[in-house]
Peer 1: 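I am attaching a structure below and will ask some questions about it afterwards.
Below, chain A is the first sequence line, B the second, and so on; all start at residue 1. Everything numeric in this text was worked out from a predicted model, so none of it was measured.
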2 protein chains.
Amino acid sequence: MLDGNAVRSVDRAASLLIALGESQGEAGVTELARRLGLHKSTASRLLATLQKRGLVEQDDDSGKYRLGLAVVRLGGHAERTLDLRSIALSELESLARNVKETTTLEILEGDTVLTIAYSDASGMGRDRSGRSSPLHATAPGKVLLANQPERDVIRLSKVGFTPYTSHTIVRVDLLLEELARVRKRGFATAFGEFEQSVNAIAVPVYDQRTSVVAALEVRASGNRILPSRVPELVERARDAAAVITERIGGVVAPV
Amino acid sequence: MLDGNAVRSVDRAASLLIALGESQGEAGVTELARRLGLHKSTASRLLATLQKRGLVEQDDDSGKYRLGLAVVRLGGHAERTLDLRSIALSELESLARNVKETTTLEILEGDTVLTIAYSDASGMGRDRSGRSSPLHATAPGKVLLANQPERDVIRLSKVGFTPYTSHTIVRVDLLLEELARVRKRGFATAFGEFEQSVNAIAVPVYDQRTSVVAALEVRASGNRILPSRVPELVERARDAAAVITERIGGVVAPV
DNA sequence: TACGTCGTTCCGCTGGATGGGACTAAGGGC
DNA sequence: GCCCTTAGTCCCATCCAGCGGAACGACGTA
């Protein structure tokens, strides 16, 4: 975990930040300390230090901690800094306008899929960048998983696949079949497998060396995406993905 | 800067993160070290530690560092965690729909004004949460500044007020007069003072104890907001601000 | 009142963080 | 080609800063 040349206290503080992000809302010192195997006085000191920089905030009443405004600001800066995101965004927007649906760019992040860019044709939607979704129940998740070694799928299956809806694929053998289909056809679908009334398709985004670095998704609620419309959406999505590939020129944020 | 009980290395690492956010794009180890008064070997070690957690990334070619994906994800989490933002968002959206313009919620953050929520009536705009703007040249900035002690304005004037356009108020005496007007009328305007063709109005958002915790802004490009329209926008914005005040119930993210 | 739990503070010890400097690689100028 | 500067990283002896144990005050509960 902590190899050779790393600063222990900083590594611990970073863990605290990330743990605080994973626990939705607030978390107490004792709870965090236990979760990370730290002494609670250590956790308290580290959190107090982070608080001075605004990275975390403490609730006046409960004494619990939550992520701070500095993190929001940093996140805004980071979004603008990261290569793939900014490059991809204009393509996502034009695709969203063309098909009149929501489009996102997703990458593999640990055992989840992370939304790094988002465009919304209908208008008022919130930018959903920064959200994580499951690999086995989403179209981009399947695209990314289909390009990982099969042992990773097996490993994930040990933990188990959460059945978000009645359509979620939870049996590992069926998921492996589905991933083979994805590889063969070059795109993935997910019809109400994560959220009941959301259908989506996704295609891979390659870098110059033809390895998959992201997945481009077209998503819509309810019955706006029917099987009959899939070929058209896939084709348009592939065009957009090709443009992104061309523009990133091999320079992709390493994951 | 670093009082008594704080962990030095963590404090330094936090400074590095924030400095990396402020420098747009990438920054080198030596540059960051000089800016913060650190030895470059120290900066290198701290950055390497942050990299292990994905908080920063290193460019393969240049060796320079930039903010990492973990920060994006944390930012997403933080946005959802922070109280004011989520509570205010639905109000912002409905106001944006009503007046058919962009609406934002802004708070004071150091010597700048920080956008913590954003809604865009026209549709395809990017969520601009997380951005910082100047206090003296924006409508929400004036609202927030008008509720700060006058000595803060004086202090800011020592650094000088950047003239973004020919309409920007740069003389401290004129700014103080403007702030008095803002206090008296209960709202602020900014007509092309920050960006040439952007006009905006802003009203204060109070907490239960009648102190100003944020500013609600209505903004539009070009000539969509003329003086004749200001009274109507201010009235609608005040209604929205009142609803937000009611809903936050005194629980506001401390700044 | 007595108890459990929370987050914080104090303090002595020690091992981890520090910074000087060596090292290597990549430009830029001549 | 060469040298010189600049970059980021690595190594190591020194020493002080971070560590964890324990005590503390505040709070809610039985």
Peer 1: Can you see if the side chain of A/Tyr65 gets near the phosphate of C/dC6 - specifically, an N or O under 4.0 Å from OP1 or OP2?
Peer 2: no
Peer 1: Send over the distance from A/Lys64 NZ to D/dC27 P, rounded to a whole Å.
Peer 2: 17 Å
Peer 1: Check side-chain hydrogen bond (donor to acceptor under 3.5 Å, both in side chains) between A/Thr138 and all other residues, then give those that pass, not counting sequence neighbours.
Peer 2: none
Peer 1: Only counting residues at least two apart or in another chain, list the ones meeting side-chain contact (heavy atoms from CB on, under 4.5 Å) with B/Leu32.
Peer 2: B/Leu16, B/Ala19, B/Leu20, B/Ala27, B/Arg35, B/Leu47
Peer 1: Taking CG from B/Leu47 and C1' from C/dA17, how many angstroms apart are they, rounded to a whole number?
Peer 2: 15 Å
Peer 1: Which residues satisfy the side-chain contact (heavy atoms from CB on, under 4.5 Å) test with B/Arg34, sequence neighbours excluded?
Peer 2: B/Thr30
Peer 1: Take atom CG of A/Asp11 and atom P of C/dG15, then tell me their distance rounded to the nearest Å.
Peer 2: 19 Å
Peer 1: Just to verify, what does B/Ala202 make a side-chain contact (heavy atoms from CB on, under 4.5 Å) with, not counting sequence neighbours?
Peer 2: B/Ala139, B/Pro140, B/Val143, B/Glu217
Peer 1: If an axis is fit to five pairs at each end of the helix from C/dT1-D/dA30 to C/dC30-D/dG1, what is the angle between the two, to the nearest 10°?
Peer 2: 40°
Peer 1: How would you list, by chain and number, every residue that makes a ring pair (Phe, Tyr, Trp, His ring centres under 6.0 Å) with A/Phe194, sequence neighbours excluded?
Peer 2: A/Tyr164
Peer 1: For A/Gln196, which residues count as a side-chain contact (heavy atoms from CB on, under 4.5 Å) partner, sequence neighbours excluded?
Peer 2: A/Thr165, A/His167
Peer 1: Using atom names, set out every protein N or O paired with an N or O of nucleotides 15-22 of chain D below 3.5 Å, distance rounded to 0.1 Å.
Peer 2:
residue	atom	partner	partner atom	Å
D/dG18	OP1	B/Arg8	N	2.5
D/dG18	OP1	B/Ser9	N	3.0
D/dG18	OP2	B/Arg8	N	3.2
D/dC19	OP1	A/Arg12	NH1	3.2
D/dC19	OP2	A/Arg45	NH1	3.0
D/dG20	OP2	A/Thr42	OG1	2.3
D/dG20	N7	A/Ser41	OG	2.9
D/dG20	N7	A/Arg45	NH2	3.1
D/dG21	N7	A/His39	NE2	3.4

Peer 1: To the nearest 0.5 Å, how far apart are CG in A/Leu135 and CD in A/Glu106?
Peer 2: 10.5 Å
Peer 1: Sequence neighbours excluded, which residues qualify as side-chain hydrogen bond (donor to acceptor under 3.5 Å, both in side chains) partners of A/Ser133?
Peer 2: none
Peer 1: CG of A/Leu20 versus P of C/dG7: gap in Å, rounded?
Peer 2: 12 Å
Peer 1: How many Å lie between CG on A/Leu50 and P on C/dG7, as a whole number?
Peer 2: 16 Å
